[in-house]
Amino acid sequence: MYYLLFYEYVEDILERRTPHRSEHLALAQAAHTRGELVMAGALADPVDRAVLIFQVDDPKVVEDFVHNDPYVKNELVTRWQIRPWTVVIGA
């Protein structure tokens, strides 16, 4: 099953993320290495949101990711949402 994780960022995310970025990316890379996180990235122009695509059996895996993410812990994410995604075309 696929799940989309949506993040909404603080307005000054680019300035505030620096001290937390390497830990955030390490968390994402570990999830990717385990085969849980398929793809992830921030939306551009403006950089105000991010979308992360997970392929897991249990949405709790995604919730655990959120609760361990330094961007969330340090209040760089103002709102997050997990939605199941029905893939019609593609892998």
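Considering all non-hydrogen atoms of both residues, Val66 and Tyr7 come closest at CA-OH, 3.9 Å. Closest heavy-atom contact between Val47 and Ile13: O-CG2, 3.5 Å. Contact between His20 and Pro70 at its shortest, heavy atoms only, is O-CG, 3.9 Å.
Among pairs with a residue in residues 41-63, those fulfilling ring pair (Phe, Tyr, Trp, His ring centres under 6.0 Å) read Phe54-Phe65, at least two apart in sequence or across chains. Among pairs with a residue in residues 28-47, those fulfilling salt bridge (charged side-chain N to carboxylate O under 4.0 Å, His left out) read Arg34-Glu36, at least two apart in sequence or across chains. Evaluation of the salt bridge (charged side-chain N to carboxylate O under 4.0 Å, His left out) test over residues 72-82, restricted to residues two or more places apart or in two chains, returns Glu8-Arg79.
Annotation: the span from Gln55 atom CD to Met39 atom CE amounts to 11.0 Å, rounded to 0.5 Å. Within the model, atoms CG of Leu37 and OH of Tyr3 stand 15.0 Å from one another, a figure rounded to the nearest 0.5 Å.
Scored by the ring pair (Phe, Tyr, Trp, His ring centres under 6.0 Å) test, Tyr71 finds His24 as partners (sequence neighbours excluded). Residues meeting the side chain to side chain donor-acceptor pair (under 3.5 Å) test with Glu11, sequence neighbours left out: none. Qualifying side chain to side chain donor-acceptor pair (under 3.5 Å) partners for Asp64, counting only residues two or more places apart in sequence or in other chains: Lys60. Residues passing the side chain to side chain donor-acceptor pair (under 3.5 Å) test with His32: none are found, sequence neighbours excluded. Arg16 meets the salt bridge (Lys or Arg N to Asp or Glu O under 4.0 Å) test with Asp12; sequence neighbours excluded. Scored by the side chain to side chain donor-acceptor pair (under 3.5 Å) test, Glu63 finds no partners at all (sequence neighbours excluded). In terms of the side chain to side chain contact (heavy atoms under 4.5 Å, CB included) criterion, residue partners of Leu25 (sequence neighbours excluded) are, by chain and number, Arg21.
Phe6 is not connected to Leu76 by any chain of hydrophobic side-chain contacts under 4.5 Å among Ile, Leu, Val, Met, Phe, Trp and Tyr, and they are in different clusters. Under a hydrophobic-cluster definition in which Ile, Leu, Val, Met, Phe, Trp and Tyr are linked whenever side-chain heavy atoms come within less than 4.5 Å, directly or via other members, Val77 and Ile82 are assigned to the same cluster.
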Residues 83-90, side-chain donor-acceptor partners within the protein, below 3.5 Å, at least two apart:
none

